[in-house]
Protein chains: 2
Amino acid sequence: MVLSKACTYGIQAAIYVASRNEDAYVSIQSVAEKLNISFHFLTKVLQQLTQAGLMVSYRVPNGGISLGKPASQITLYSVIAAIDGTDIFTECMLGLPGCGTATPCPAHDHWTEMRSKLFSLCHKTTLAELAEKANQLNLRLANLPLV
Amino acid sequence: MVLSKACTYGIQAAIYVASRNEDAYVSIQSVAEKLNISFHFLTKVLQQLTQAGLMVSYRVPNGGISLGKPASQITLYSVIAAIDGTDIFTECMLGLPGCGTATPCPAHDHWTEMRSKLFSLCHKTTLAELAEKANQLNLRLANLPLV
DNA sequence: GTGATTTCGGACTATTTTGTCTGCAATTTA
DNA sequence: TAAATTGCAGACAAAATAGTCCGAAATCAC
């Protein structure tokens, strides 16, 4: 799996919050229910996003979480970086320590190209774009089988 | 991490075996030492490659393992598929069950493009190419820090 | 102030991945 | 035939990830 489960949950939740187009807070509980994610687990994941400043939380009745800045200013990259770190954007495909331009592994060139594509993709993709897509056509966002 | 450790070990070992340009068998022990991988763990990984027909083993003094077919006919894809399976080539970025053309997730289009690039890259990259690169300039292949 | 709701923080359990160990099966060599 | 070398198979241990639970801390509504 390229992203950890925690990270995919975080992205899903972020998109969901952004897609509401409201400034009001949403409770983590309701997000977890909508997306079919374990509430307690999601709580911990979202804490990483608030600590990174991507979300703000309000610990109060009818409080919850909300985006820390405009959805158009939150990149997919920043969400991934806050949860999984930046390893996937820098790591050697073969996991070799010290692989780089100076001492490349055999797969280095191919992989560097892939990584930079992923890097720029994640940088230019914002929550605003993803949320808009989620709203158009009721795009799929929850961890539910299709039955 | 996009590939599991087991998978990176398997690829490294496969490249190493291919880079020897010999038909003779190599003991897993010596491969493990060269690449600085745990011998027993590598043994289990390579069993998956022999079961997939990518390698052949010879259980005998001075025996070991060897490629099951010409290095030019073993793709990076087949090695990855034998160890990690094909999930990374088909999975939704957000891990959503049932995400596809019919019911896409918001990141679907972007990700499908990345995946297909990865797919074709892994299909066109053969052990022969990687081994050749490894031989040119003594390219990096072992799990050793650079000191 | 009291009670309700909500996130925060840490401890805990479960599952998966990674790594280790031991004995066995196969086959050559002497 | 006996001994040595090698991969195979399964049991086991350790570490990382995923998921659960509970007691706070914060703040609003009354």
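Here is how names work: the chains are called A, B, and so on, in the same order as the sequence lines, proteins then strands, and each is numbered from 1.
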Between [X] and [N], is there a side-chain N or O to OP1/OP2 distance below 4.0 Å?
X        : N       : value
Gln48(A) : dC8(C)  : no
Tyr9(A)  : dA18(D) : no
Ser27(A) : dT6(C)  : no
Lys5(A)  : dG19(D) : yes
Gln47(B) : dT6(D)  : no
Ser57(B) : dC8(D)  : yes

Nearest to side-chain heavy atoms of [X], which nucleotide of [options]:
X        : options                   : value
Arg59(B) : dT18(C), dT6(D), dA25(D)  : dT6(D)
Phe41(A) : dG19(D), dT22(C), dC28(D) : dG19(D)
Ala6(B)  : dT18(C), dG9(C), dA18(D)  : dT18(C)
Tyr58(A) : dG9(C), dC28(D), dT6(C)   : dC28(D)
Ile28(A) : dT7(C), dG19(D), dA26(C)  : dT7(C)

Mutual orientation of the aromatic rings belonging to His123(A) and Tyr77(A) [parallel < 30°, tilted 30-60°, perpendicular > 60°]:
parallel
If we ignore angles and hydrogens, is there a donor and acceptor under 3.5 Å between the side chains of Glu33(B) and Gln29(B)?
yes
Donor on one side chain, acceptor on other, His108(B) and Glu113(B), under 3.5 Å:
no
Just report the end-to-end axis angle for the helix from dG1(C)-dC30(D) to dA30(C)-dT1(D), five pairs per end, to 10 degrees.
0°
Could you check how far CD of Gln29(B) sits from C1' of dT20(C), rounded to whole Å?
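Between C1' of dT20(C) and CD of Gln29(B): 14 Å.
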